[in-house]
Amino acid sequence: MWVSLCLFLCLHSKHLSASPITSSFTSSSGAYDSCHLQEQFRLVGMYRDGDVMIGGLFEVHLITVFPELSFTAKPEQPWCLNHCTIQVCNLIQFNHIYRFLNTMAFAVDEINRNPNLLPSVTLGYRIYDNCVKLGVAFRAAMALISGTEMSYSNLNCSGSPPVLGIVGDPGSTHSIAISSVLGLFRMPMVSYFATCSCLSDRRRYPFFFRTIPSDAFQVRAMMQILKRFDWTWVGLIVSNDDYGLHAAQSFQQDISGFGGCVAFFEILPKDNDLKEIRRIMDVIQHSVSRVIVVISTEAYILPLMDEVLRLNLTRQWIASEAWSMSPLFLTSRLLPVLRGTLGIAIRRGEIDGLKEFLLSLRPDNDPGNGLVRKFWEDMFKCRFAPDVAQTETEGRLCTGHEDLTTADMEYGDVSELRPAYNVYKAVYALAHTLHNLLNCVQLTYILASPLNFTTGFGDQVSFDKNGDALAIYDIVSWTGMPDGTMKARTVGDVDESKPAGHVLSLQDDKITWNFGNNKPSRSVCSEPCSPGTRKATKKGLPVCCFDCLPCADGEITNTTDSIECFKCPEEFWSNPQKIQCVPKEVEFLSYEEALGISLTAASLLGACACAGVLAVFAHHRHTPVVRANNSELSFLILMSLKLCFLCALLFIGQPRLWTCQLRHAVFGISFVLCVSSILVKTMVVVAVFKASRPEGQGAMKWFGAPQQRGTVLILTALQVAICTIWLTTASPVPFKNTQSSKIVFECAVGSMAGFATLLGYIGLLAAVSFLLAFLARNLPDTFNEAKFITFSMLIFCAVWIAFIPAYVSSPGKYADAVEIFAILASSFGLLISIFAPKCYIILLHPERNTKKALMARGSS
C-alpha cells in the first residue's frame, strides 16, 4: 500500500535538505563533470516553479502528425495539431480536457496556500500534452524524468527541482508502457483515468497507483446493470488497446456467471478504417441483440457513431467510463441515436474555488506555457502571432486580456466534476504522502499504514493493497433536454462496499429509454422458458440460445429458465401445466361410475336370470324336458352359474384383503363346479347312447347318480385344493400401483403360478367338455343336449382365449372390467346356450314337453 511511493518520496525529501552533491563521471578517456541532452523533445505543456515538482500527462489534442520516414535523413519529431479537424473536437478542448489539467494546477495552488499541508515546501508542476499517442506520451514522461535543461552539472545543484511523481497518464496502454520504464527509476505514477485491471499487478507495476477503480470493477458494475434488466444477449465492442482488450477478457468471463452471453465481439480499428467500421455496423444490424456494450476511449468511437447516425440505428448502448461523460457524444447531433444510453461514470465530486480559478487563467509569453496559449487561441478563436492570425482567424489577434466569463460558459461549469475530481485526488495523494514523510512521522509507521485522507467535498480517499481506489461508480442516463441538447443525468450508483444485494442502486423512474414505449428493450437470444418447460441448448450456439421443451409427464419445474425437470413424489403427479405436483387421482372400478354400474347391473341380471330359470325348472321338475339327462345336474349348473354371476361383484369397489382373496377363489370354484357339471352331463349323454347298443348295455352302471355326484365333487375338490394352496402360500393382496399418472388400487395376484393353474384347470375341463360334446353332437337320443353343450363350450373357450391378451394389455381398473366381462359373457353364453331351448319348450310349447313328443323327436 503506497510503500514504493513513500520510499521514493522519502529519498527525495532527504535530498531537498542535503548538502550539494559533488561527484564526477569517469571513463577511459577521462572525467566528466556534466551531462548534456542529445536533443529536446517537441512538446507542448505548462508549468509552475516550485521546490518539488509534480509531473502531469493529459490528452489535450486528439490529432498527432507523424512525419514521413524517408530513411535518408533524420526524421522530424511528431507534433500535435493546434486545431482538431473533427467537427465537434472543440467541445472537448474547451469543456473537458483543459479543465482536467487546470484542476491539477488549482490543486497545487490550493496546497501551496494551505498552511497545514506541506507548510515548508512549495509545490510546482510541469504538464505535457500526450496528443493521445504513445510515442508522444513516452517522450513527455522521459522529459519529466530527465528535465529539459540542455546540460546538467554534478558540481552544484543547479537546474530544475526533481519531479517526485507523475499524475497521469489517462490511457491504460500509455500507463503500462510508461510505468514499466518509470519503475526502473522508482518514479511513482498516479493515474486518474487508466482503468486496465492488468495495472493492479504489483509485481509488474510496483510504482503505479490510481484514483479510479480498475476495469475489473467496471465490468462487474456492467454485470449488475445487465442482470437488473435481464439482458442476456449482449454485443461487445472494444478499442484495440490494453484498456479495451483486457476489459473484454474480464467481460466475457463475468457475463457467463449470470447466464448471459456475448452475441458478437468486435474490435474497433486503430486507423479508423471506414471499411472495417461498416463491417462492424453490418454485424450490429444483423444481430438480434438490442444491447451493445462499448468499452473504448473517445477517439476510437467517433467514426463508429458517425456510421450509427448515418444509418439511424437505434440500440441500447452501455458506455464505459472513458466516454460516458464525453461532450464529444453528448450533442444534439447524436441525440436521435444515443438518447437513453446508460453509462458507467466516475464518481462525481465538488471542488470549492475551482470555478474562480478557471476563470482567472491568463496566458503569458513563457514558451514553457504553450498549452495555456493554445487554449486561449482555441477559446477566443484568435491567434497571438499576427501572420498566423491573418491566415487562420481573419486577422483576429489575441491580447491575453480577453474575459473568460464572457466566453463559452461550459468551460466554467464545475457541476459535473468526475475525471477532474480524480486529478484533484491524485495531486492530494502525492502531497499527503510527502507531508507525512516530512512532518516527523516515523517512517515505519508510514510504511505500515495505508494512505487515507478526506477531501474538502467530504469523500474519504483510500486505496487497497493493489493501489486501486475505492470501488464506486455513478450510473448515468443520457437524456434529451427541452432545448434539443443532451445531458448525462445521474440515476444511481454501484458501490461494492455495500452488502450483497444492495451493490446496485437505480432510480428507474429517472432513466430515459430510446424506444417508443419508453421502456427497456429486451435483449435475449431465446425467450425465457416458462415454468413447466426446461432449457435445451441449441447445438453449436451459446448457452443463451436454447429451445424450451415441456417437462415429461410426472415431472415439473416451477421456475423460469430451469435446466431440468424434477420428478414428483411417488403418490403425486404433474398438473397439466407441469408446474405443480398434485395428489394422484385414485382409480379403481367403483360402483358409482358408469362402467361399474353397468357391470353390476349385468351381474345382477344374470343372477336373476339364473334364479328365474331355476324357478321354472323347479316348478316343472316332473316334466320330461327337465328330467331328461339328470335334472339334478341341471339344478347344479344353474346354482353354479348364479354364483359365477355374483362373484363378478367382488371385482367392483376398492380392493380389500378379503375381496382380493375371495374374488379369484370364488370365481375359480364356481366355474369349475359349472364346467364339471356340464362335463358330467356330456359324459351321461355318451353313456346313454352306448347303453342303447347291445355291446354297451353295462355302461350306465358306471354313470349312475352317485357316480355323477362323486365326479363333480372330485373335480371341484381339485380346484378347491388349488385355491387353498394359492391363498396359503402367496395370497392376493391389495396393491397401490403408482407407476402411472394415477394411483390404481388393484389386487396383486401374489403367485402368478397359482393364478395360471386356476385358469388352466378351468380351461382343461372346458376343453374336454367341448371335445366330448362335439363328438356326441349327432348321437340319436330322445333329447340330445350335446349340440347345445358344444355351442356353449365354444362360446366359453372363445371368451377366455380372448380374455388373456385383453387382460394383459388393459391398464388399471379396465383389467378388472375385462375380467368381469369375461365372467359375464361366458356365464350368459352357458345359460343361454344350455337352458334357453328348454325354457322355450317349457314355457312356449308345453305340448312338446311330453314323453311321446320327445320319443317321436328322438326316433325322427
Side-chain angles (χ1 to χ4, degrees), residues 62 84-92 94-96 222 225-226 229 231 233-239 263-264 266 268 272 274 276-345 408 410 413 416 475-491 506-523:
L62 298 182
C84 184
T85 58
I86 301 175
Q87 179 182 0
V88 292
C89 278
N90 282 338
L91 288 173
I92 194 170
F94 294 155
N95 310 329
H96 202 55
M222 290 178 173
I225 296 175
L226 296 179
F229 297 106
W231 291 329
W233 191 237
V234 183
L236 178 61
I237 300 176
V238 301
S239 55
F264 59 86
E266 296 295 334
L268 295 170
N272 297 335
L274 185 58
E276 179 65 11
I277 291 294
R278 289 183 174 173
R279 185 196 66 78
I280 294 174
M281 290 302 302
D282 186 64
V283 172
I284 295 174
Q285 286 181 294
H286 287 87
S287 174
V288 298
S289 174
R290 307 295 295 175
V291 177
I292 302 175
V293 175
V294 181
I295 304 175
S296 173
T297 52
E298 299 156 323
Y300 286 101
I301 308 175
L302 282 171
L304 177 70
M305 290 308 168
D306 286 338
E307 282 298 303
V308 170
L309 181 63
R310 184 180 69 84
L311 298 175
N312 193 26
L313 187 67
T314 302
R315 291 291 186 272
Q316 177 61 55
W317 302 93
I318 297 181
S320 65
E321 97 294 330
W323 66 283
S324 63
M325 297 297 297
S326 172
L328 278 173
F329 307 104
L330 287 166
T331 64
S332 56
R333 185 176 71 95
L334 296 174
L335 176 63
V337 293
L338 292 184
R339 176 175 48 202
T341 296
L342 286 176
I344 306 294
D408 194 328
E410 288 292 330
D413 183 8
E416 289 290 336
I475 307 299
V476 296
S477 173
W478 290 14
T479 306
M481 305 306 291
D483 59 357
T485 59
M486 189 160 51
K487 183 179 180 181
R489 182 168 58 180
T490 302
V491 295
L506 272 182
Q507 297 173 293
D508 292 349
D509 57 326
K510 291 186 177 181
I511 300 177
T512 299
W513 305 105
N514 199 20
F515 302 97
N517 56 3
N518 197 29
K519 293 182 179 179
S521 174
R522 289 193 57 77
S523 185

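All of these numbers come straight from a predicted model, not from anything done at the bench.
- Residues satisfying the side-chain hydrogen bond (donor to acceptor under 3.5 Å, both in side chains) criterion with Ser332, sequence neighbours excluded, are absent altogether.
- The shortest side-chain heavy-atom distance between Leu506 and Phe229 falls under the 4.5 Å cut-off.
- Atom CD1 of Ile292 and atom CD1 of Ile284 lie 4.0 Å apart (nearest 0.5 Å).
- With sequence neighbours left out, Thr341 forms a side-chain hydrogen bond (donor to acceptor under 3.5 Å, both in side chains) with no residue at all.
- Panel note: side chain Trp233, backbone Arg522; no donor-acceptor pair is recorded below 3.5 Å.
- For the side-chain hydrogen bond (donor to acceptor under 3.5 Å, both in side chains) test, no residue two or more places apart in sequence or in another chain qualifies with Asn518.
- Remark: Ile511 CD1 to Ile475 CD1 distance equals 9.0 Å, nearest 0.5 Å.
- Note that CD of Glu266 and CD of Glu276 are 7.0 Å apart. Values are rounded to the nearest 0.5 Å.
- For Asp508, the salt bridge (Lys or Arg N to Asp or Glu O under 4.0 Å) partners two or more places apart in sequence, or in a different chain, are Arg228.
- Leu338 contributes atom CG, which lies 8.5 Å from atom CG of Leu309 (distance to the nearest 0.5 angstrom).
- Of all non-hydrogen atoms in Tyr300 and Ser296, the two that sit nearest each other are CB-OG, 3.2 Å.
- For Phe329, the ring pair (Phe, Tyr, Trp, His ring centres under 6.0 Å) test picks out Trp323, with sequence neighbours left out.
- Taking Ala488 as the reference, Met325, Leu330, Val476, Trp478 meet the side-chain contact (heavy atoms from CB on, under 4.5 Å) condition, with sequence neighbours excluded.
- Listed for the Ser523 side chain is no donor-acceptor partner under 3.5 Å among the backbone atoms of Trp231.
- Among pairs with a residue in residues 280-291, none fulfils salt bridge (charged side-chain N to carboxylate O under 4.0 Å, His left out), at least two apart in sequence or across chains.
- Contact annotation: the side chain of Met222 approaches that of Ile295 to within less than 4.5 Å [non-hydrogen atoms, C-beta and beyond].
- The list of salt bridge (charged side-chain N to carboxylate O under 4.0 Å, His left out) pairs with a residue in residues 310-326, not counting sequence neighbours, reads Glu307-Arg310.
- To the nearest 0.5 Å, the span separating CE on Met305 from CG on Leu334 amounts to 8.0 Å.
- Nearest heavy-atom pair across Thr331 and Leu328 is CG2-O, 3.7 Å.
- Contact between Pro303 and Asn272 at its shortest, heavy atoms only, is CG-OD1, 3.6 Å.
- Thr479 meets the side-chain contact (heavy atoms from CB on, under 4.5 Å) test with Ser477, Arg489, Thr512; sequence neighbours excluded.
- Between the side chains of Ser326 and Glu298, a donor-acceptor pair is found at a separation under 3.5 Å.
- Among Val308, Val291, Ile301, the one residue that satisfies the side chain to side chain contact (heavy atoms under 4.5 Å, CB included) test with Trp317 is Val308.
- Checked against side-chain contact (heavy atoms from CB on, under 4.5 Å), Thr485 has the following partners two or more places apart in sequence or in another chain: Met481, Asp483.
- Within the model, atoms CD1 of Ile277 and CG of Asp306 stand 9.5 Å from one another, a figure rounded to the nearest 0.5 Å.
- Side-chain contact between Leu226 and Ile318: present, with at least one pair of heavy atoms (C-beta onward) separated by less than 4.5 Å.
- Every residue two or more places apart in sequence or in another chain that forms a side-chain contact (heavy atoms from CB on, under 4.5 Å) with Thr314 is listed here: Asn514, Phe515.
- Evaluation of the side-chain hydrogen bond (donor to acceptor under 3.5 Å, both in side chains) rule for Ser324 yields no partner, not counting sequence neighbours.
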